[in-house]
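Handing you this structure, nothing more for now.
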Amino acid sequence: MKNNMWSNTLFAFRNIYRYDRGLVLYSLVDAATGILLPFCEILLPSFAVRALMGNSLGKNDLLWILACMVSIVLLYFVQGFARKQCVWRYSYLMQGSAHDLLAHFYHEEYSEIHKNLGQYRKLRGQMDSNTQNSYKCTLLSCKDITVGLVGSIFYLLFLIGSQWYLIFLVLLTGAAQFLLMRLAGNYGMKRKAALDQSRREYEYLLQATGDLAHGKEIRLFGMFPWLSERTDQSFAEFKTISSKIKSTYAAAQIGGLSVEFIRDTVVYAVMIFLTIKGYFTIDFMLFYVGIMRGLSAFVRKLLEGIRSLEKDSATIWEIRSFLKNDRKLSNSVQTVGTKSFEKTKKESYSVKMPPPAIEFRNITFGYEGAEALYRNFNLTIGAGEKLAIVGVNGAGKSTLVNLLCGFLVPGEGEILIDGKPLHEYDRQSRIQLFSAVFQEHFMLPATLAENVSPSNFKDREGILSCLNRVGMAAVLEKKKAGLDTKTANIGGQGLTFSGGEQQKLLLARAIYKDAPIMILDEPTSALDPVAEKQVYENYRQFAKEKTSLFISHRLASTRFCDKICLLDRGRIAEYGTHEALIDKKGLYYTMFEAQSRAYREEGADEEK
């Protein structure tokens, strides 16, 4: 993949054409009118002066004048229509480019997302901007290049055989104006990083100072004077850099206008002199001067378009680099372990297979910049076994689940599913192994059916069955809701569900997928112990013939599991059945008794 301006431009145009072919067509129409309209505006006064000089308005003169006037009106109409079409079609570029970035971001391995998150957010911000969208900027730059190049060639055809030194002067002054603006642009690009940094710091401080969530601490600890002073310093720094950049551009513009003034003065002086000497008539002089000025404008537009395209190319290259490893989910037959399967009609992300055994073998893992959480960690979960993973906050419970699902990659060791290393499964196969309800869950801004099964929401019978199994039938009947009822996520309209009802919907989603490994990762931390215990009991019924992991910091909720694994700072502190761990009277017993006593005291207080 080559990184040069023209290959990047070709890449951009392929995507622009894919997003909206009409936008390319209307841009070409706009470019054509940008060449013909100034030409007709040059012809009209020339024909009018020639008619006046003849002391009579001949039929041919009238026809030419009328033709120019009609052409100007029609061209203005066509140009206005084409530009309006382009304006509202630019949104397709923003939507299409944002979708491409999001699709690639989704298809990235979850464990790699954090490495590209900053670049994704930067590119997404540019694509969502109406003024900074790289595809739109590239299209506009190419339109300027097209108008400048074709217009220059077209106007030069009328100057062949004329005063070559004037043509040379026009081209030279156009290049000089371009050079001045390029120097100013280069200075702006050099200072851009410092400008962006000062602006981000200023905006952050301004937002932090005005955030109500910070208001108590700002007042209590007397932070406002420091924040105010630092905000003023950041703004002063931003203003200084911005002023220097604007001053540089202003100097370049003044220099360009000075060059343009000198050029026009020379051209007018020469043309007036030649007209006085009888070489030109007045109408031809007007036409010739108009062509010279038009040629100068087209040359400047051509050079500015190339300069802008060079700048746009850098961002397009970033997009190409980000998307170069785009991987689409395959629709073909997949393989899990040694078993082949095809996507079922019920759910494109489900797979029928016996519950597998899971083994964590010599796992070492630590987050970047922190001490290793796991060192030579080993744990075996039997096929069809229900294992509870418990421990205090920070013990590594959710990290263990993320390692199992492939969302995190261990630094050393491996995770085996039915004896096969997890990293040997392709991404689609790995997705189909797991069904989970996470602590930080996600309700789609969609209908109930789409929330339970986004990829197969037309399977109304299967979805209703899952909702009935989790006890949502009575809730929906009471709310007079159906599968097509929308959640309150859509514009604030639709049904609002309580925490417990949301848990039931998420449980229905997990049941519908019917994956061989089921995970409940502390999704009920906001519920009271009784409600949480009921959710876990329901989940236990639906996890039959599944290898299941139940994660909770409330020990009483997971006593039904076959085994309990108590984690303490990334190591297995205790392991066994609930009864065995209670009899052992170790750390698990101490934590269980402490929680039970706290719940009893809380209940007594409520009764009072």
Side-chain angles (χ1 to χ4, degrees), residues 31-76 78-79 144-181 252-305:
T33 57
I35 298 170
L36 295 176
L37 188 56
F39 182 70
C40 291
E41 290 176 335
I42 293 172
L43 285 177
L44 180 59
S46 299
F47 286 132
V49 169
R50 187 175 67 178
L52 292 174
M53 290 175 61
N55 297 321
S56 63
L57 192 62
K59 183 177 180 181
N60 289 336
D61 293 330
L62 180 61
L63 288 176
W64 278 111
I65 292 173
L66 288 175
C68 286
M69 294 177 64
V70 171
S71 298
I72 289 172
V73 171
L74 288 176
L75 286 171
Y76 266 117
V78 172
Q79 186 182 68
D144 286 346
I145 291 174
T146 301
V147 171
L149 180 61
V150 176
S152 297
I153 295 173
F154 180 59
Y155 278 32
L156 279 171
L157 293 176
F158 291 94
L159 298 176
I160 295 176
S162 300
Q163 281 69 23
W164 62 267
Y165 50 88
L166 291 180
I167 299 174
F168 177 76
L169 177 64
V170 169
L171 297 177
L172 182 62
T173 53
Q177 289 176 296
F178 167 74
L179 181 60
L180 289 171
M181 293 305 298
Q253 289 175 341
I254 292 173
L257 290 173
S258 300
V259 170
E260 188 172 342
F261 174 77
I262 294 172
R263 179 205 64 207
D264 288 349
T265 301
V266 172
V267 170
Y268 275 113
V270 172
M271 294 305 300
I272 291 173
F273 174 78
L274 293 176
T275 302
I276 293 174
K277 290 295 184 179
Y279 291 99
F280 296 141
T281 58
I282 294 178
D283 59 315
F284 184 79
M285 183 196 73
L286 290 174
F287 175 76
Y288 197 91
V289 169
I291 290 293
M292 295 290 284
R293 288 178 58 83
L295 175 62
S296 175
F298 285 134
V299 170
R300 186 169 62 251
K301 185 177 286 289
L302 170 64
L303 296 176
E304 289 177 352

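Note that the coordinates shown come from a computational prediction; the quantities given were computed from them, not determined experimentally. These values consider heavy atoms only, across backbone and side chains, with no hydrogens, waters or symmetry-generated copies. For this chain, numbers begin at 1 and follow the sequence in order.
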Legend entry - Considering all heavy atoms, the nearest L286-P45 contact: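 L286 and P45 have their closest heavy atoms at CD1-O, 4.3 Å.
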Legend entry - Distance in Å, F284 CZ paired with M271 CE, rounded so as to fall on 0.5 Å steps: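 That separation rounds to 6.5 Å.
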Inset, instruction - Please identify each residue that fulfils side-chain hydrogen bond (donor to acceptor under 3.5 Å, both in side chains) with E260, with sequence neighbours left out. - result: Q177
Legend entry - Atom pair CG/OG1 of L179 and T173 - distance to nearest 0.5 Å: 12.5 Å
Legend entry - side-chain contact (heavy atoms from CB on, under 4.5 Å) between I42 and Y155, worked out: CA-CA 11 Å; I42 293 172; Y155 278 32; 3.9 Å; yes
Legend entry - Check against side-chain contact (heavy atoms from CB on, under 4.5 Å), T281 and T275: CA-CA 6 Å; T281 58; T275 302; over 6 Å; no
Legend entry - Atom pair CD1 (I254) and CG (L180), whose distance is rounded to the nearest 0.5 Å: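 One finds 11.0 Å between CD1 of I254 and CG of L180.
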Inset, instruction - Among residues two or more places apart or on two chains, list those pairs meeting side-chain hydrogen bond (donor to acceptor under 3.5 Å, both in side chains) that have a residue in residues 290-299. - result: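 Qualifying pairs: R263-S296, D264-R293.
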Inset, instruction - Indicate the atoms forming the closest heavy-atom contact of T146 with I35, along with that distance. - result: O-CD1, 4.4 Å
Legend entry - Separation of L66 CG from F47 CZ (nearest 0.5 Å): 12.0 Å
Inset, instruction - For I72 and L37, work out which heavy atoms get closest and say how close. - result: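 The pair with the smallest heavy-atom distance is O-CD1, 3.8 Å.
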Inset, instruction - Taking all non-hydrogen atoms of both residues into account, name the closest pair between L295 and L156 and its distance. - result: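 Where L295 meets L156 most closely, the heavy atoms are CD2-CD2, 3.7 Å.
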Legend entry - Minimum-distance pair of heavy atoms, taken over all atoms of V259 and A176: CG1-CB, 4.4 Å
Inset, instruction - Could you note down all residue pairs passing salt bridge (charged side-chain N to carboxylate O under 4.0 Å, His left out) where residues 295-304 supplies at least one of them, sequence neighbours left out? - result: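 Salt bridge (charged side-chain N to carboxylate O under 4.0 Å, His left out) check on residues 295-304 returns D144-K301.
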Inset, instruction - Could you tell me whether L74 atom CG has more than 12 heavy atoms of other residues or ligands within 6.0 Å of it? - result: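 Yes.
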Legend entry - Chi angles and distances behind the side-chain contact (heavy atoms from CB on, under 4.5 Å) call for V147, F298: CA-CA 7 Å; V147 171; F298 285 134; 3.6 Å; yes
Legend entry - From CA spacing to verdict: side-chain contact (heavy atoms from CB on, under 4.5 Å), T265, F261: CA-CA 6 Å; T265 301; F261 174 77; 3.8 Å; yes
Inset, instruction - State, to 0.1 Å, how close S71 and A67 come at their nearest heavy-atom pair, and which atoms those are. - result: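 In this case the closest contact between S71 and A67 is OG-O, 2.7 Å.
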Inset, instruction - Nearest 0.5 Å please: distance from the CG atom of L63 over to the SG atom of C68. - result: 11.0 Å
Legend entry - Atom pair CD1/CG of I65 and L43 - distance to nearest 0.5 Å: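 With rounding to 0.5 Å, CD1 (I65) is 11.5 Å from CG (L43).
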Inset, instruction - Taking the six-membered ring for Trp and the single ring otherwise, decide whether the centroids of F39 and F154 are under 6.0 Å apart. - result: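 Under 6.0 Å, so yes.
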